[in-house]
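Residue numbering restarts at 1 for every chain, and letters A, B, ... go by the order of the sequence lines.
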Amino acid sequence: MIHSLFLINCSGDIFLEKHWKSVVSQSVCDYFFEAQEKAADVENVPPVISTPHHYLISIYREKIFFVSVIQTEVPPLFVIEFLHRVADTFQDYFGECSETAIKDNVVIVYELLEEMLDNGFPLATESNILKELIKPPTILRSVVNSITGSSNMGETLPTGQLSNIPWRKAVVKYTNNEAYFDVIEEIDAIIDKSGSTVFAEIQGVIDSCIKLSGMPDLSLSFMNPRLLDDVSFHPCIRFKRWESERVLSFIPPDGNFRLISYRVSSQNLVAIPVYVKHIISFKENSSSGRFDVTIGPKQNMGKTVEGVIVTVHMPKAVLNMNLTSTQGSYTFDPVLKVLTWDIGKISPQKLPNLKGIVNLQSGAPKPEENPSLNIQFKIQQLAISGLKVNRLDMFGEKYKPFKGVKYITKAGKFQVRT
Amino acid sequence: MSASPAYSEEKGGSSSLGEPEYGHDPASGGIFSSDYKRHDDLKEMLDSNKDSLKLEAMKRIVAMIARGKNASDLFPAVVKNVACKNIEVKKLVYVYLVRYAEEQQDLALLSISTFQRGLKDPNQLIRASALRVLSSIRVPIIVPIMMLAIKEAASDMSPYVRKTAAHAIPKLYSLDSDQKDQLIEVIEKLLADKTTLVAGSVVMAFEEVCPERIDLIHKNYRKLCNLLIDVEEWGQVVIINMLTRYARTQFLSPNQNESLLEENPEKAFYGSDEEDSKDDKPDAASLVKRKPYVMDPDHRLLLRNTKPLLQSRNAAVVMAVAQLYFHLAPKAEVGVIAKALVRLLRSHSEVQWVVLQNVATMSIKRRGMFEPYLKSFYIRSTDPTQIKILKLEVLTNLANETNISTILREFQTYIRSMDKDFVAATIQAIGRCATNIGKVRDTCLNGLVQLLSNRDELVVAESVVVIKKLLQMQPSQHSEIIKHMAKLTDNIQVPMARASILWLIGEYCEHVPKIAPDVLRKMSKSFTGEEDIVKLQVINLAAKLYLTNSKQSKLLTQYVLNLAKYDQNYDIRDRARFIRQLIVPTEKSGALNKYAKKLFLAQKPAPILESSFKDRDHFQLGSLSHLLNAKAVGYQELPDWPDEAPDPSVRNVEVPEWTKCTSREKRKEKVEKPFYSDSEGESGPTESADSGAGPGRLCAGQQGGTAQPWQSFHGWRQVKKGKKKPPQDEGKGGSESSWEEGSVSESSSSESDSGSEAEESQSEPESKRRTTSWLSPVLNPLFPTCLCLTVTPVPPQPASSPAVVSTSLVTDLEGLTLTNASLAPTMLSPVFSTMKTYELLHRMAGEGLSVEYYFNRQPFPPDPHMVAVQIQFSNNTESEVKNLRVSEPKLVSGMRIQEFQEIESLAPGDTASVIMGIDFCDSTQAANFQLCTHSRQFYVSIQPPVGELMAPVFMSENEFKKEQSKLTGMSEITEKLTLLDKCQSDHTIVQRVTAAANVSRVPCGADNEYRFAAKTVTSGSLILITLEQKEAARAHLTVNSEKMVIGTMLVQDISQALAQ
């Protein structure tokens, strides 16, 4: 299966390598560099590259390429999913999955990689088990370790691996027992020039933070479960129970995890909480253009739309932009040709507007296409699909936990074509 | 610790200079010598006796390895620490060892004994990790040791160790592929394992070692299907992929009736799926003669059990199920996977990329499936180009008459994109839509013509190429467009586009008679400056014009041909020469001249624009090979459906288990159960109850008596090997082979031969019942001894798992350790005891339910302080007995009961067997409890004979004497007895004693003495038995034990047994 792993940063340095079978020379990465050169930008490096003796499967996360070397047939998604799991684990352990974090913790990284794969086949990928084996570094612990000489290795042998619910540790104790659920919905939409919706759907997740002692058995029910069109579950959820009663019944992992992700069918009408009025035009035979964008709230269920940011990838011919905004600030990156307008909160009384002149390279032809606007926003305390948690029950433990549900709606891939 | 900043500084310094490789040149001085010194520092630190220094050194070494620097010269210093107490140092040493063992084979061998010791550790996690590291050391010399370790671990009690054994199989295989046959045996055994922990790993090993041995799957097929949902996610992927292949060889195509339709792709492309199904009827009528298709229930089982996994959070699992459905499900059911695949499009871009490739392939065959999700494939300007192009591919595949207008409108937006590669791909896509859907051809063509005035040359060029292809379909109507394109030759510079235009004009010069010669004139002017492909087309155009309109173009053509004659490119010179001979009539030019016109202006078929994903589905979807569209190394071909279904009965598992209910619905319930029941089953005991030594395994052994059908099925095995036992027993494989080997060594002694014959002569069912239980302890006493040969001595342990000894080792043993040849067989005999069955509930008292129990003398894995009691229920009533369980145990203080898992139902006439553990606290007091069914409760009690309160211990003669000398005085009980005539032989005596008590024989030098040893189960106090034969059938029986009560009772029991 997975033979070796190389971590490569953006400037092409191989800063970590790990082999699970015989050693594969670093030179195998030359094929990757070749493909990277061909691809112009990092996003377009093909995830699977075939070389004479190996296959390279790579992912790109946080400015790092995780390049794995494969020698025989294996489902590519298997490897890709695993590599993402590795990146997630680093994120989990070090707070970020960056080159510096990995270099600083290279021994822990190595120990993790050793535990996660055996002979190229995944062994322990549950963060719970891993944390039992190798404790994540904290400042306190590193101080204590340097004084006492103890280590980051778990002293006790992990029993989690033996359990048939590998996602939960055996002995968990909290003084405050809490269970929090964040219902986060993202609106993916394409709005066309005229303002009508080409495509819109809601992608939701329920992220949980569960700090409960013992072995609690939770069941979470919704007021309107039929809304959920397509759901994928954390392995802890009992599938049959959902099938028959539409209730999420599970023994939760300890700590933060994603309980479910779901899609609200595109057949349902999706409320679009903002609208955009825009005039972007480039004059023929002159080196300037007009830019005028106004953004306003729409169908926002009486909640304020906040954290609004508009990002525009301007055509290559644009030299710079002279704009004035009635609200928020804007920046234009003349190298990447990206305009970012950070608006903040939209107040319905006075709509934010950004307008001015676009300067083009002299002599360059008029850009063919108007750029599309990518919009980010946030609405607190609202699940735009209308999904509501009905109740959370706990069985198996005596104490009374503190429970909380938070709703939030965000823009996902929200694009306005102009 | 204070030194560490200095070290790291130094390290930082030299790594910025950068260069570990300098360090290997001894001749280099100056700065490089510091590098040497650095390694010396590390060595010093490793040699120190402070763990913290060692740890620091190991961390730095591992950091070196991580950065790809060579640290192999530290090998001797590092390996010394392999037995370090500090767990982190140890682990880092393992990391180092596995990395460099291959390079330093001789030194690596030094560490092996540490792992071999670890393999014997009572802690399952340590056993597992020892096996893991041992098997990762790629040193060919240790192959036999690895093989032995794997075989042993494969029958370990702990499922986790068995899982590690499964992982080790491919490692060993890649080290030495000659071991294949032996490894297959281990795989076969592990495949029969019933725990979810092992399933994924063993199937992975199967796929790597012997994917062609599909016959090994038959017996385990249903079990794998049922376990699937509880296997960890990575294992699920491997199992599903393997089962896909399996199902293709074993079941009939569910789409037989539709297969005819699919042979007509043209039709399938135009018609939507609904139409297809309507078209079914006439086809179906023609197929009436064929046998109506009925899906094999096992095929259905697979589809049903994989479906919930579409909801997995793991993209690889979802994809695996999707491909399973695509390849195996009836057409009508494939649709369910679309939703899940579309969900994956929200994931990371690499996942999108792979999923879209697969969707592209699927959407060609089963377009209807993705149609409802058309809009999910719409393209955003922020998508990476490679994703955009794949989405475009899918959109094009999904286009049909009803949605083409929406799709074209969407395409219009794309054409204006800034991403030019994407625009080019869009134009291609429009071209494909136009060729495939006649209705929109004109619209598309007009749109493309408009693009000809686009400012971007690439766009124009691509449009020209596509228009050329479209025009070939119906040239007559489009002379206007051809004229328009002729004008473009003045401006457009992209060679491919110019070549296309020239070809088009040449091909249809009759439609534009006026313009064509003029174009040729212009082109001949610029001929020398053109690209090669353009030049070739100019020659082509000249030739065609010469043939149709020689008056106007004769001179031009000759001019072009003359230019071409001296071109630098030999292709062009060749072509010019060829064409001149062909078209210009001379005396020499032969018969071909007449046909020149036919040759050049033949009707050419219009090109078919089709997806590059067409026919990729002969590769298993989701595989690497499919993605690359080429066979990857190790790819297993997806076989075609068979014409005749192979015998489905091969999947029947002969020995019924109480857990496996007969009806299918029941079985399903069973599948769900673990998923529900995890709430109660998280703790250790339940897990290990699930392990091989648990109910499943014991059932198999116990049911030997009722397993007549099995006998006939496996008749050949019995013929071959003589005495044998049910193959379903997972722990059996190892013990089976060891038994054979045991008998090899046994044959040296005639005495024991007669013994085994006596054993054989006993009634068949009974011997079967015993086999499982007696085999495993038998070899155990032997095993530690043989380890002494290869490894450091291991302290004797209570029998835990069946051990495996290779034949050669046994032979060695005979020669070396066991000088007394008669010893080996006599050691085997102690456990030749008949399991005495006791009645727990008579069938009259139990109203048809009868319950018997016996002490199977196996260790009870969840709790070593408990005695395992095998309970057998048989239902003699007319109706089902449900919910059989234990309740309200009334126990003497200190006594404990580990209840067996509730039996949900027991069909009339059925028997079931379970195992429960009772801690009797080393007393013979009865354990009282209630046995409940859904309707009744019975008060029952189990009273153990004193001989069952102990477990055999292996010890040497010296140890025995030493222990015995400690247990004198009060602890010694002696009795004189008279042996009967029939009780004179060695064999009988040993048999009698071991039947009376669960003890093992201790080797003894004297002929007239027999020694046995055991430990009480609860407190672990030793019990030593000595039987001394005196003259004239008299004997002295001595029992030494702290537990006087037990000792006394034991003496009574044994003398009774011998007096019978």
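Between the CZ atom in A:Arg258 and the NE2 atom in A:His234 there is a gap of 11.0 Å [rounded to 0.5 Å]. Expressed to the nearest 0.5 Å, how far CD of B:Gln311 lies from CG of A:Asp230 amounts to 6.0 Å.
Put simply, of B:Glu233, B:Glu207, B:Met58, the one with the most heavy-atom pairs under 4.5 Å next to chain A is B:Glu233. Between chain A and the options B:Arg346, B:Met418, B:Glu232, the largest number of non-hydrogen pairs under 4.5 Å is found for B:Arg346. Listed options B:Asn314, B:Val354, B:Leu628 were ranked by heavy-atom pairs under 4.5 angstrom with chain A; first place goes to B:Asn314. Note: B:His348 leads B:Glu102, B:His348, B:Lys171 in heavy-atom pairs under 4.5 Å with chain A. Contact count against chain A (heavy-atom pairs under 4.5 Å) is highest for B:Arg416 among B:Glu208, B:Lys163, B:Arg416. Options B:Arg409, B:Arg343, B:Met319, B:Gln620 differ in how many heavy-atom pairs under 4.5 Å they form with chain A, and the most are formed by B:Arg343.
When heavy atoms are compared at a cutoff of 4.5 Å, A:Phe15 approaches chain B solely by way of its backbone atoms N, CA, C and O. Heavy-atom distances place no part of A:Asp192 under 4.5 Å from chain B, backbone and side chain included. Both the backbone and the side chain of A:Ser22 come within contact range of chain B, with heavy atoms under 4.5 Å apart. With a 4.5 angstrom heavy-atom cutoff, B:Arg380 touches chain A via backbone and side-chain atoms both. Contact annotation for B:Val351: both backbone and side-chain heavy atoms come within less than 4.5 Å of a heavy atom of chain A. B:Ala168 does not touch chain A: none of its heavy atoms, backbone or side chain, sits under 4.5 Å away. Within the 4.5 angstrom heavy-atom criterion, no atom of B:Val317 approaches chain A. Contacts between A:Val109 and chain B at a heavy-atom distance below 4.5 Å are absent for every atom of the residue. Only the side chain of A:Gln26 comes within contact range of chain B, judged by heavy atoms closer than 4.5 Å. For A:Ala189, the part sitting under 4.5 Å from any heavy atom of chain B is the backbone (N, CA, C, O) and nothing else. Contacts of B:Tyr414 with chain A are made by side-chain atoms alone, with heavy-atom separations under 4.5 Å and no backbone atom involved. Of the two parts of A:Gln71, only the backbone, made up of N, CA, C and O, holds a non-hydrogen atom closer than 4.5 Å to a non-hydrogen atom of chain B. Heavy atoms closer than 4.5 Å to chain A are found in both the backbone and the side chain of B:Thr382. The parts of A:Leu16 that come within reach of chain B are both its backbone and its side chain, each placing non-hydrogen atoms under 4.5 angstrom from that chain. For a residue to count as touching a neighbouring chain, one of its non-hydrogen atoms must lie under 4.5 Å from one of that chain's; by this rule A:Pro46 touches chain B with backbone and side chain alike. Both the backbone and the side chain of A:Glu114 come within less than 4.5 Å of a heavy atom in chain B. Of the two parts of B:Leu621, neither the backbone nor the side chain holds a non-hydrogen atom closer than 4.5 Å to a non-hydrogen atom of chain A.
Contacts of A:Phe82 classified as ring pair (Phe, Tyr, Trp, His ring centres under 6.0 Å), with partners at least two apart in sequence or in another chain: B:Trp234. Residues passing the salt bridge (charged side-chain N to carboxylate O under 4.0 Å, His left out) test with A:Asp88, sequence neighbours excluded: A:Arg61.
For the pair B:Asn358/B:Gln323, no side-chain contact is recorded, criterion being any heavy-atom separation below 4.5 Å from C-beta on. At a threshold of 4.5 Å between non-hydrogen side-chain atoms, the residues B:Ile61 and B:Tyr96 count as touching. In this structure the side chain of B:Phe377 never reaches within 4.5 angstrom of the side chain of B:Glu410, judged on heavy atoms. Contact of the B:Ser349 side chain with the A:Tyr60 side chain is not registered, since no non-hydrogen atoms from C-beta on lie closer than 4.5 Å. The closest side-chain heavy-atom distance from A:Ile2 to A:Phe121 is not below 4.5 Å.
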Intermediate values then yes/no, side chain to side chain donor-acceptor pair (under 3.5 Å), A:Gln203 and A:Glu201: CA-CA 7 Å; A:Gln203 303 278 355; A:Glu201 68 178 12; 2.7 Å; yes
CA sep, side-chain torsions, deciding dist, call: B:Asp419, B:Thr385, side chain to side chain donor-acceptor pair (under 3.5 Å): CA-CA 8 Å; B:Asp419 184 344; B:Thr385 310; 2.7 Å; yes
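Summarising the local packing, NZ of A:Lys18 is surrounded by more than 12 heavy atoms from other residues, nucleotides or ligands at distances under 6.0 Å.
In this structure, B:Val133 and B:Tyr94 approach most closely via the heavy-atom pair CG2-CD1, 3.4 Å.
Here A:Phe233 and A:Phe250 keep their ring centres 6.0 angstrom or further from each other.
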